[in-house]
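Right, one structure below, let's go through it.
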Amino acid sequence: MNQITEWVQRLVYHIASLWFRAQKKEENDGQGVGIVVLTQGESKYLSEWVVYYLKVLLVDRLMIIDNNATPDASIPVLMESFPNQIVTHWEPKPIRSVLSQVELLNKYMSKYRKSFAWIGCIDSDEFVALPKGYPSLTSFLDSKGAFADSIYLGWKMVGPADSEYYTKSSSLILSSFHSANDDFPPHQLGKSFVRTEAFGRFLYGPHQPILRGGGKSEMISHTLYHYYFRDESFFEQKIKRRQESFRYQDERSVFHRNLNLCSVLPLDPLSVFSLAEFSRQWPKYKRLH
């Protein structure tokens, strides 16, 4: 039965891919970059993510999709602190499959894509690490996307928060990015930023959408820092949520396996331009934590 389901999915994906690739790109006058983020149980971490993208990467607007059973009380505070840069929508219906997750993301990607030149769909534990020479995420995407309609940023997995570093910095970002394994092969998964005129839709996951008009995608490895763990208690919560929502059978050993693979070598987060800038900006916004 599973093989039949997989075969049907592949067939649907193939047909949908052909249909979208045959469509013309939809021109628009949007400028800059917007990000759609789906959050659940993230209030403890969301403020740093917002500060990082709005004040360091200079993203034009964040569209926060609140998937909590009751509205996240931290979001109105963030909206007041960053007026006109945050839009929020409350979607309390529990996500029970990857397809329902994708349906929700497509809804808001389509709603807002004409407002920007680039649009991305990433999570609140994912951070684009800009090297020196790029003053904003838009400038980075424009330069890397000179001949591409989609920039696919591969994950760089980083370790769980270091308690000593956290005490010093009061930052989950900086204390989580203190270790990574640079010898670890580029992760096959990541997330995409897409020229809005070429966005078709996501089908079976939020990683790489189908592009209109035969658009091309460019892969850049080790650019999207992903702290999947944060700390052990958060990882336990994530396992439970993934099991309930997606029926994943994550085992307890996953934490230790990934910890050994991705977090064994010291990493200086301040050697990355955007993380160094965050370290300078963050003290002004700690009150939002």
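Heavy-atom basis, side chains included; hydrogens, waters and symmetry copies ignored.
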Has [X] got a side-chain atom pairing as donor or acceptor with [Y]'s backbone, closer than 3.5 angstrom?
X	Y	result
Ser74	Asp72	no
Thr196	Lys114	no
Ser150	Ser217	no

*Could you grab the distance from atom CD of Glu197 to atom CD1 of Ile119, nearest 0.5 Å is fine?*
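Between Glu197 CD and Ile119 CD1, I get 13.5 Å after rounding to 0.5 Å.
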
_Within this structure, what is the CD1-CH2 distance for the pair Ile64 and Trp90, rounded to the nearest 0.5 Å?_
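Ile64 atom CD1 to Trp90 atom CH2 measures 16.0 Å (nearest 0.5 Å).
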
Test of understanding: with side-chain hydrogen bond (donor to acceptor under 3.5 Å, both in side chains), list the residues that count as partners of [X], not counting sequence neighbours.
X	answer
Tyr134	none
Lys284	Gln281
Trp49	none
Ser175	none

Side-chain heavy-atom pair [X], [Y] within 4.5 angstrom cut-off:
X	Y	value
Pro131	Phe140	yes
Phe193	Tyr152	no
Leu288	Leu78	yes
Leu62	Val87	no

*Between Tyr225 and Phe177, what is the ring plane arrangement, given parallel below 30°, perpendicular above 60°, and tilted in between?*
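Ring orientation of Tyr225 relative to Phe177: perpendicular.
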
*Is Lys107 salt-bridged to Glu91, cutoff N-O under 4.0 Å?*
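A salt bridge links Lys107 with Glu91.
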
*Run the salt-bridge test on Glu126 and Lys191 with the 4.0 Å N-O cut-off and return the result as yes or no.*
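Here Glu126 pairs with Lys191 in a salt bridge, since their nearest N and O are under 4.0 Å apart.
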
*With sequence neighbours left out, write down each residue that passes ring pair (Phe, Tyr, Trp, His ring centres under 6.0 Å) with His89, or none if nothing qualifies.*
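Here the qualifying residues are Tyr108, Tyr112.
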
*asked:* For Glu48, give me all partners under salt bridge (Lys or Arg N to Asp or Glu O under 4.0 Å), at least two apart in sequence or on another chain.
replied: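 Glu48 satisfies salt bridge (Lys or Arg N to Asp or Glu O under 4.0 Å) with no other residue.
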
*Give a yes or no on whether Lys286 atom NZ has more than 12 heavy-atom contacts from other residues, nucleotides or ligands under 6.0 Å away.*
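Atom NZ in Lys286 is packed in, count exceeds 12.
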
*What do the steps show when you test Phe82 against Tyr285 for ring-ring contact (aromatic ring centres under 6.0 Å, His included), and what is the final call?*
CA-CA 11 Å; Phe82 302 100; Tyr285 297 98; 5.6 Å; yes

*Evaluation steps, side-chain contact (heavy atoms from CB on, under 4.5 Å), between Tyr45 and Ile173*: CA-CA 9 Å; Tyr45 314 97; Ile173 293 175; over 6 Å; no

*Establish, from distance only, whether the side-chain atoms of Ser124 and Glu42 form a donor-acceptor pair under 3.5 Å.*
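Yes.
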
